[in-house]
**Student:** 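The structure follows.
Note that the structure is a prediction, hence the values are computed from the model and not measured.
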Amino acid sequence: MSKLHLLYQNLGGENLKKNCRLIGYRMMAGLKQKDIAKVIGVKESTYAAKETGRGVFKEQEMQTIYEVLKKDLASVKPDLKITDIFFNQ
């Protein structure tokens with residue numbers, strides 16, 4: 001069973017569901033929660049709460065995360081859009 005699946009189960013699933021793609025893209029980029037937290041200027045615990053659905057990302061935080069992931073994933077996902085990461089389609 002994957003770490004992501006275990007995390008999903010432990011959090012009851014629904015809180016994590018909306019940010020599942022964010023977590024996947026962050027992991028694909030080889031980044032840890034603390035890495036993204038530093039980039040957006042929040043504590044790791046604050047970022048973790050937002051990533052798991054217990055908090056809400058500010059618009060500027062979403063834009064910054066998108067820019068970091070787009071840069072880091074350019075070779076594997078050159079067409080990455082912010083809507084791929086944060087918004088349900």
**Student:** To the nearest 0.5 Å, how far apart are NZ in K77 and NZ in K70?
**Tutor:**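 Between atom NZ of K77 and atom NZ of K70 there are 11.5 Å.
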**Student:** Show your reasoning for whether side chain to side chain donor-acceptor pair (under 3.5 Å) applies to Q63 and E59.
**Tutor:** CA-CA 6 Å; Q63 184 64 39; E59 186 175 334; over 6 Å; no
**Student:** Contact between L22 and L69 at the side-chain level, heavy atoms closer than 4.5 Å - yes or no?
**Tutor:**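 SC-SC contact between L22 and L69 confirmed.
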**Student:** Counting only N and O atoms by type, is there a donor-acceptor contact under 3.5 Å from the side chain of Y47 to the main-chain atoms of K38?
**Tutor:**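 Pair absent, no side-chain N/O of Y47 close to backbone of K38.
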**Student:** To check you understand the geometry: which heavy-atom pair defines the closest contact between D72 and A29, and what is its length?
**Tutor:**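 Closest heavy-atom pair between D72 and A29: CB-CB, 3.9 Å.
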**Student:** Looking at CZ of R26 and CD of E51, how far apart are the two atoms once the value is rounded to the nearest 0.5 Å?
**Tutor:**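 Answer for the CZ-CD pair, R26 versus E51, is 4.0 Å.
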**Student:** How far apart are the closest heavy atoms of F57 and M62, and which atoms are they?
**Tutor:**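 That closest heavy-atom pairing would be CB-CG, 3.6 Å.
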**Student:** Roughly how far, to the nearest 0.5 Å, is the CD1 atom of I82 from the CD atom of E67?
**Tutor:**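 Reported value, rounded in 0.5 Å steps: 8.0 Å.
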**Student:** Quick check for you: to the nearest 0.5 Å, what is the distance between Q33 atom CD and T52 atom OG1?
**Tutor:**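 Rounded to the nearest 0.5 Å, the CD-OG1 separation comes to 7.5 Å.
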**Student:** May I have the step-by-step check of side-chain contact (heavy atoms from CB on, under 4.5 Å) for E61 and V42, ending in yes or no?
**Tutor:** CA-CA 10 Å; E61 291 171 337; V42 299; 3.6 Å; yes
**Student:** Please report the interatomic distance CG(D84) to OH(Y66), rounded to the nearest 0.5 Å.
**Tutor:**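 OH of Y66 is found 8.0 Å from CG of D84.
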**Student:** Would you mind reporting whether V68 and I65 have side-chain heavy atoms less than 4.5 Å apart?
**Tutor:**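 Not in contact.
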**Student:** Would you compute the distance between atom CE of M28 and atom CD1 of I23 and round it to the nearest 0.5 angstrom?
**Tutor:**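 Reported to 0.5 Å precision, the distance equals 14.0 Å.
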